[in-house]
Each structure stands twice: as structure tokens, then as C-alpha cells.
Amino acid sequence: MESSGTGKGSLVNREAYDPKAIEGRWYDFWERHRLFDTSASSGREPHVIMMPPPNVTGRLHMGHALQDTIQDALTRMRRMQGFEALWMPGKDHAGIATQNVVERAIRDSEGSTRHDLGRDAFVSRVWDWVDEYGDIILQQKRRLGDSCDWSRERFTMDDTYVEAVQRVFVRLYEEGLIYRGDYLVNWDPENRTALSDEEVDNVERDGHLWYVRYPLAEGKGHVTVATTRPETMLGDTAIAVHPEDERYADLIGKNAILPLLGREIPIIADDYVKIDFGAGALKITPAHDKNDFEIGARHGLQVVNVMSVDGTINENGGPYEGLDRFEARDRIVADLESQGLIEKTEPYKVSVPISSRSKTTIEPLISLQWFVRMEPLAKPAIEAVRSGRITFYPKRWENEYFRWLEDIRDWCISRQLWWGHRIPVWYYTDDDGDIDESRDFVVSVDQPEPGMVQDEDVLDTWFSSWLWPFATLGWPHDDEEAKNDLAVFYPTHVLVSGYDILFFWIARMIMAGLHFTGKIPYRDIFITGMIKDKLGRWMSKSLGNGIDPLEMIDEYGADAVRYSLTILCAQGQDIKLDPTKFEMGRNFANKIWNAFNVFAQFMEPGVEYRRARGFKDLDLVEQWILHQLNSTIEQVNESVDRYRLNEALSAVYDLFWRDFCDWYLELIKPARGSEMSEEAIALAVELYEKMILLLHPFMPFITEELWHRIRVRPDGDACMVQSWPSSDPAEMSDAAAKTFSVLKDMISGIRNIRAEYSVPPSKPIAAIINVSDRQPDVLAAIESHRVYFEKLARVDRLEVGTGLAKPGASASVVVGRNEVYVPLAGMIDLDVERERLQKEIDQKEQFVLRIQTKLRNQQFVSKAPGEVVERERKKEADTVAELKRLRANLEDLSHAG
RNA sequence: GGGUCCUUAGCUCAGGUGGCUAGAGCGCUACGUUGACAUCGUAGAGGUCACUGGUUCAAGUCCAGUAGGACCCACCA
């Protein structure tokens, strides 16, 4: 890449970091060099993540941004660690959602419906739409830096994928796990299709409980029933009471008159009825209520369906035929009222089933649909998690998973839509071309014989996506490529997803994987929290509280967005997001950018700065920072293995900002007018490069850019394909780290004194360091590093030794067994100093007291592990020693006064 | 009706297997234009870790319960 000129200092970043200027360029670079591509024959150990395929109708939202950031960080890190890291992208045809979008588009543009067009024409229009808009979200994902292997992109409607779905259906049917039947299903009157139980949300609403009188058929009197849905009474075929309810004992076996329609219905006894609820009598509508359906079946009741597929009352509703269900309700209540049949009305909280797609109220409706028998599939899926072959992170989601699977119900998979996978079932036709229901249907991928017609319905979208982990890798084809891909890349390693699709997708993939391939689809499941707005509400279009990731990328940069999302993503907790959170990432990116200048200004472009010195020849601060670097590498590796990316990233953040910038860079900066040695530059470059590598998985763009600014690289020698840094025990001296931290504390102490006494930062001061005779290494370190004190605390006269006396008018600070005196002739305020010392003493005394109480406790000494007791003893000794010095200093002060 | 999660500094949140004088970012206070960075630096103030019990030598961390809040599941008309 270009540099801003030649000659020393030309590498310096002269402006603040501007993500816009580089992000697009590097993404192109990675793609051009095909760095995301993977091969089953590389020989490297694979690491595979299946991207949850976004809907073709989707637009990038914060949830994607979070999950992609995690998946990309994992993929990039594994790639750097030498794995053949495949992040498999693709998209989902999203049956209902897509059909709705296209229907709306056609209606808006030409005012016609899909029925005007006809099925074939409509489906072809959906394909046009998918071709035109389906890739938008995948394009948007590139802005985030997603390093997935785009050459493997799949779509759930690809020919090979369609075949996989068809074959799965046929196989399940042949195994007796798919059946067809008339059952009460969740009906969405707006989309005019059946839905699965999972696609229905129950919402609590304010409703009413109407007490309706049903006159007895013989004699006078009536039975009162309570209902929340009076419109369903049109389909009532019985009244049920509890067999032991004395009030109604003599009515059992008699008939009542169904008001409005005048039909006679029997009064039956069933112990499902709760005696103390409502009026104690229950109207039974087998066609429109799940419990009533079961009661009806028990008693052989008639089933009267009063509703059409569009939610209007049908011909069984007599005078109410043709009315919309809600209008019918109002009319029925009004009519009952005028006939004096409403005994009373109470306000009542009702749980209303809502279609998660159309948000309309679901109607339980009896209809002929296809179902999957789930229990046989669920059993192995439960076992796979119980046995530990699959692990959830965090673990608690396993409970939710078990709960659902252990009580699983059959899955209604047929949808009365046009866009989706056709059901591979064929029917014979009669002479008129109508389906001949007297003959058996045939289940087959291909048309069994001419003239047979295929089932009109399509399959639930999830019936295709549950095959995603293996169908995208070529299953069930047996050509060489498919065989290799499956053998190498399946099972995959980790699935990253939200808990919102735990049942829809995650659990079903496990069932499908085990059933069709005999293998688990993935080893680990990382369940992320969900992104909420800053008040903790779901982001939604209707609330208008969404935060657009693309806008955030424009404003703060992709790396900043990624940084902040990663840092905010703690183990499974939801994230309350506010746009200002991205300032964290932006500021950090800028810090990384600017830190480079400290040594870049002394670098000559083109020169290869490589360290010649061994660890032992390094300066104290250099040994210390290497210690910090190496221990951070270990920590990062450990955290990432447990999917604690927030921990990993904050460790690198601290290393970079708190250690590298605040201390190391401040100390290696040459004094005014002097240069940095090549040796010093070499180490700075080495450290910086390593941190760039550690940061790359999290912040790929800025690190790639800087990687190429540091050195001239051969074309294609990208940061993203470098080896992941390993920690080197030989470059970790605990002793050096410890010594340096003593000096660090002394410097902080002096700075504190300066601040307390308002000594201007520009004013040099003197300091005397009285080192314990037990710490000759500290003494030596200070003697040879006076410059540290000068640079960071503006100490121009430093006296150091053992047994030094404290000067009269001075402030002091105790660091372990050592003391630092700062003479402040004329500036010392005895009261201020006394207060400072007293505060310190009080604190330490309290601390010591606690430890001593603990140590005096025989139970503690005998039961706590030896190392813990030892640690406490050491703390006590150290603090007592510090206290002694502090008290002496305080004493000294009164003499000085 | 079951179940899960949350309650830690003014705000938003971290704190695997109990050993912490409890941390971060933002905000706040006081200084600061020292040739990387004001998207910055230095120093600092600020928490009886919701409450009540229990287990333990030791509890923010484990257990039970209470109170708020969020969510998931469930057929009470």
C-alpha cells in the first residue's frame, strides 16, 4: 500500500483514524486474494461455523451484527491458528415472509393479487424478486467484515437443496414419521395457512366473559355457560358439566337449545369441567377449541365447523354467514342481549393466540394437514446433549432445550402457500381432473406416472432449514466433492445463534442431523443474548427504536461497532444498546491508530526492523511489557475457548491501552531532540505487530491497514492469514514484572503527591527513595532507571539508597517496604499531609485488623488451604511494615511542625 | 400454574469451579496545549454487591425464602 512519502517519519499517521477510507479497500483485497476460500483437501484441521441463513427479505439488524461479529472473530482466530476455517454463508427463502413481501409489491405496483397472476406466474415473480433483492443482506454483511467463504454460498431453494428436502420428506414418510390427517391446527386467516405451534404467540388481552343462557329443550329453565368467544357458539354441539356437580345432576342426558340457531344440543358430563369456574357449565365447540375437540372425541359429538379459511362465518353459521369473525361476535352478543339471554358480562383477561407472522388472531380450525411425528426424533436429540456430545454455552439453555423436547408435539409442516418447497406427494385424478380421494396418494420425489397431480401445499420454511448443516455441504449427493466436503467439514464445530430460534431451528437441526447423517450437527452451541434498545425493549419497526448497524458503521466504523458489540456481549445476557456505546470502539480504534506514531516517527520506510537483542538484554520496561503480552496471549486463548469473547477482548484492550500505551510507550519515547535506537524500534514494532494480530479477529480492518503500514509486505501477505501469536515462557520474567510494578507504584505515588499539592506538571521536583535493604534488586533497578522517574513524574533530582533519612518538609508515600519522600520546601502543608497519611493509615489499619482476626481464628488456620493462609500471613506482614513507616512519617511530621 | 434470568459505583455493565483491601466504560471533580492521541493525559471522589436466613474457616460468588423487573412454556371456558 502507499505511504505518505519517503524518509524518516513518513509512516506517521497524520490524521485521526478514518475507517471509511480503508474498510472497503481491505474487504476487496481479501476477496481478490481469495483469502476466505476453503478447501476440503487442504490437509489442515477444519473448523466450521454455519452462519444462520438470513431471510432473503432481511435487512441487516443489530442482532446479525452481534452474531456475525462473534462468528467472524472465531473464524478469523481459528484461521490464524492454522485451522481450515470455514464460515459457511447462505440465505433462507423464508416462505411466508417472502410471499407477503412480493404480494405487497405486486399489489402496490399493479394492484393485482397473486390469484390474478396464478401460481406459476406468481412464483416466477418471487424468483425475480429474490434475484433482485435477495442478496442485499449478504452485501450488507460484507460491510461488517464477515470472512465467510462466499464461493460456497447456498440458498434453501437451490436445486440440490430442494432435492435434499424432498428426499427427507419421502424418507420420513417411509419410516412412518410423516402422516396426513384432519386435526385441529393453528389457522392464520390472514395468510390463509396452517402454522406450527411454535409460530403462535400467546398474548394476554383485556376481554370479556359472557354468561349466556341456553334454554332447556324440555320444560322451563336454562343452563348458563360462560364464554370468552361467543361467536364460536354457532358450532356448539354440546354443553358439558362436571359429573359430580349437584346443581346439574338432573340435567345430564337432557338437551338444551342453542340460542340464535335453535339447534338441540345434549348436556353431557365430563370431569374436564371445573365446577367452580364461571357458571360451572361449559359450551363445547369441537371444531374451534382444542379441549372441546378432545371432549367431543370422547363423547362422539358432532363437529360443526362454522368458519371459512378467511376468518368469516360459513354456511353453518345461519344468519351470520359471511360476517367476519369479530363482527359476528359483536352481532351475536347484541342479539343475545336483545333476547335477554346474556345473564351478565365480566371483564376478563384472555390469552389470545397471535400469528407470529401476520400478528392476526389465530383460529383453531380443523383441517387436513401433514405432520411429523416428533417423539422418535427428539429422543436421540435429548441424549446427544445429555451425554455431553453437544454442549450449550451458557449451559442453562440445556434446560430449556430438554423441556421442549421432552414434551414435544407433532409438527404441522404443510403450509397453504405458493412460495416454498412443494410437498412430494402425488394424487390420482378422476376424469374431470379432480383429485380422486378414493385412491391412495403416492409419496415420491418425481411424478410417479403421467396425469398425477402434486399436492398443492408447500412445506414450513423450517422443514428446509433444519437440514442446513449438511444439506449445504452436498448431502445427500455422492459425488466426490460432496463426499469430501461432508467428510471433512461435517459435523461442524460451533453454532452461534440467539435463543429466539432455539426450538424453531437449533433443536430441529440436532434432530435432523442425528436422524439423517447419524451425527451431531455441531459440538458447541453459543447462545447469544438479544439486542434490546436502551430501555430494554425489543427493537421493532413499530416502536421505531431500532439502531441500524450500517448507520453505526458509517458513523463509527465497522471495527468500532464490532469492538463495542463484543465487549458488551457477556455470557448470554441481553444487551441494552445505545448508539453512544460505539464511542468506546471508535476511541479505541483511534488509540491504536495513534500509538503507532510514537515509534513510526523514527522509522525509515523500507527498513526491516528486527530485534537482535535477547530477552536478557532488554530494558526493564521491555521485559515487563513482554511479560504482560505473553500472559495476555494465554488469557485470550483460554477465554475464547470458553466463548468468553468479551473477556478476551478486554484483556487485549487493557494490554494495549493500560500497559503498552500508558507505560511502555511513555517510557520508550526518546527525550526531546533525540532519536529512538533501531533496537528499541525493533521491539516496539514487534510488540505492536503482535497486538495487531491479537486484535485482528475483533477489529479486522484497522489491523489489516496497520499491518501494511508497519512494513512493506509482499502482495497478498495479509494480516488475516498470519499465525496467531503464541506465548513464550522464555520471554516472561516474573521477577522483572514484579520489580517494574514496584517502580510503577512509586511513580504513581509521586504523581499523587504532585496532584495533592498542586505542583504544576511542568515543574521538576526532587525525590528521595528509601529502599528496603531486603530488596537490592529494586535498588539496582531504580538506580539504573532514574529516567523513568524523570519522564513520568518529572523528578529531576533523585536520591536513592537504603537507610536514607526523611527530609523535614516533605510528603511521603510507602510502597511495600520502601518509601518515597518528596521534599516540598515552602509548599508542604502539614495539615494536608497529616490528613493524607492519616487516611492511608486508617485504611491499612482496618485491613490489618481483618486479616489478624482471620489469622487468630484457629478454624481458618487449620482448615483453609496452606497457600491461602500463607498469603494472608504475607499480607499481614507487608501491611504491618507499611503501617510502621506510615506512622513514623506522621510522627516525623509533627516534629517538622 | 410451572420454569429461567436479572437486581453490584450517578448511568450501562464485567465479575468460570467460594479466598476481593469488589473492577471497566461513560458521567463527575481538580489539574494539564511536555512532538502519538483532547476520539487524549495525570490524579481523585464515588459501592453495607436488592432484602432475610442458612451452609462454610471464608459468600458478590453456593442453598432456601422475600420483594421488584424481564422472558419462556402451559388446554382452565
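On a predicted model such as this, the values are computed, not experimentally measured, just so you know.
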With the side chain of [X] defined as its heavy atoms from C-beta on, choose the nearest nucleotide among [options].
| X | options | value |
| --- | --- | --- |
| A:K669 | B:rC20, B:rC6, B:rA36 | B:rA36 |
| A:L665 | B:rA36, B:rC20, B:rC57 | B:rA36 |
| A:P761 | B:rG19, B:rG32, B:rU42 | B:rG32 |
| A:K839 | B:rA77, B:rA45, B:rU21 | B:rA45 |
| A:T228 | B:rG19, B:rA77, B:rA14 | B:rA77 |
| A:A16 | B:rU39, B:rA77, B:rU21 | B:rU39 |
| A:W657 | B:rU39, B:rC40, B:rA77 | B:rC40 |
| A:F503 | B:rC72, B:rA77, B:rC37 | B:rC72 |
| A:E400 | B:rA36, B:rC72, B:rG16 | B:rC72 |
| A:V598 | B:rA36, B:rA77, B:rG15 | B:rA36 |

Students often get this wrong, so: under 4.0 angstrom with heavy atoms, is [X] touching a base, only sugar-phosphate, or nothing?
| X | result |
| --- | --- |
| A:E867 | nothing |
| A:N590 | base |
| A:R794 | nothing |
| A:P760 | nothing |
| A:E666 | base |
| A:A595 | base |
| A:K576 | sugar-phosphate |
| A:G207 | nothing |
| A:R751 | sugar-phosphate |
| A:R644 | sugar-phosphate |
| A:N399 | nothing |
| A:R537 | nothing |
| A:G749 | nothing |
| A:V225 | nothing |

Write down the distance separating the C1' atoms in B:rA43 and B:rG54, rounded off to the nearest Å. 44 Å

Using the P atom as the reference point in each nucleotide, state the distance between B:rG25 and B:rG41 in Å, no decimals. 10 Å

Side chain to side chain donor-acceptor pair (under 3.5 Å) evaluation trace for A:H299 with A:D270: CA-CA 9 Å; A:H299 297 269; A:D270 193 292; 2.7 Å; yes

It should be established whether [X] places a side-chain nitrogen or oxygen under 4.0 Å from OP1 or OP2 of nucleotide [N].
| X | N | answer |
| --- | --- | --- |
| A:R642 | B:rU17 | no |
| A:R871 | B:rC20 | yes |
| A:R396 | B:rU4 | no |
| A:Q571 | B:rG16 | no |
| A:N594 | B:rU39 | no |
| A:Y17 | B:rA36 | no |
| A:K854 | B:rA58 | no |
| A:R403 | B:rG2 | no |

Is [N] paired to anything, Watson-Crick or G-U wobble with both distances less than 3.5 Å, and if yes, which nucleotide?
| N | value |
| --- | --- |
| B:rG65 | B:rC51 |
| B:rA77 | none |
| B:rU39 | none |
| B:rU4 | B:rA70 |
| B:rC20 | none |
| B:rC11 | B:rG25 |
| B:rG60 | none |

Looking only at non-hydrogen atoms, find the nearest pair between A:V352 and A:R205 and report the distance. CG2-CG, 3.9 Å

Check [Y] with [X], please: is the shortest side-chain N to carboxylate O separation under 4.0 Å?
| X | Y | answer |
| --- | --- | --- |
| A:E398 | A:K395 | yes |
| A:D407 | A:R403 | no |
| A:D654 | A:R658 | no |
| A:E840 | A:R836 | no |

May I have the step-by-step check of side chain to side chain donor-acceptor pair (under 3.5 Å) for A:Y272 and A:E294, ending in yes or no? CA-CA 10 Å; A:Y272 169 79; A:E294 283 162 18; over 6 Å; no

Within the 3.5 Å criterion, strictly below it, is a donor on A:D197 or A:N186 matched to an acceptor on the partner's side chain? yes

Under-3.5 Å N/O pairs linking protein and nucleotides 24-30 of chain B:
from   : atom 1 : to     : atom 2 : distance (Å)
B:rG25 : OP1    : A:R658 : NH1    : 3.0

Does the ring centre of [Y] sit less than 6.0 Å away from the ring centre of [X]?
| X | Y | result |
| --- | --- | --- |
| A:W397 | A:F392 | no |
| A:Y643 | A:F526 | yes |
| A:F656 | A:Y653 | no |
| A:Y563 | A:F698 | no |

Is a side-chain donor or acceptor of A:N597 paired with a backbone partner of A:A600 at a separation under 3.5 angstrom? no

5' priority, RNA chain B, between A:A589 and A:I567 [closest heavy atom]: A:I567

Pick the nucleotide of RNA chain B nearest each of A:S351 and A:V759; which residue has the one closer to the 5' end? A:V759

Would you say whether A:F847 stacks on B:rU21? The test is a distance between ring centres of less than 5.5 Å and an angle between planes of less than 30°. yes

Among residues 281-299 of chain A, which contact RNA chain B at a heavy-atom distance under 4.0 Å? A:L282, A:N291

Considering the options A:D559, A:N594, A:I592, which one meets the side-chain contact (heavy atoms from CB on, under 4.5 Å) requirement together with A:Y17? A:D559

Without decimals, in angstroms, what is the distance between A:M676 CE and B:rA36 P? 11 Å

Nearest-Å distance for atom pair CD/P, residues A:E398 and B:rC73: 19 Å

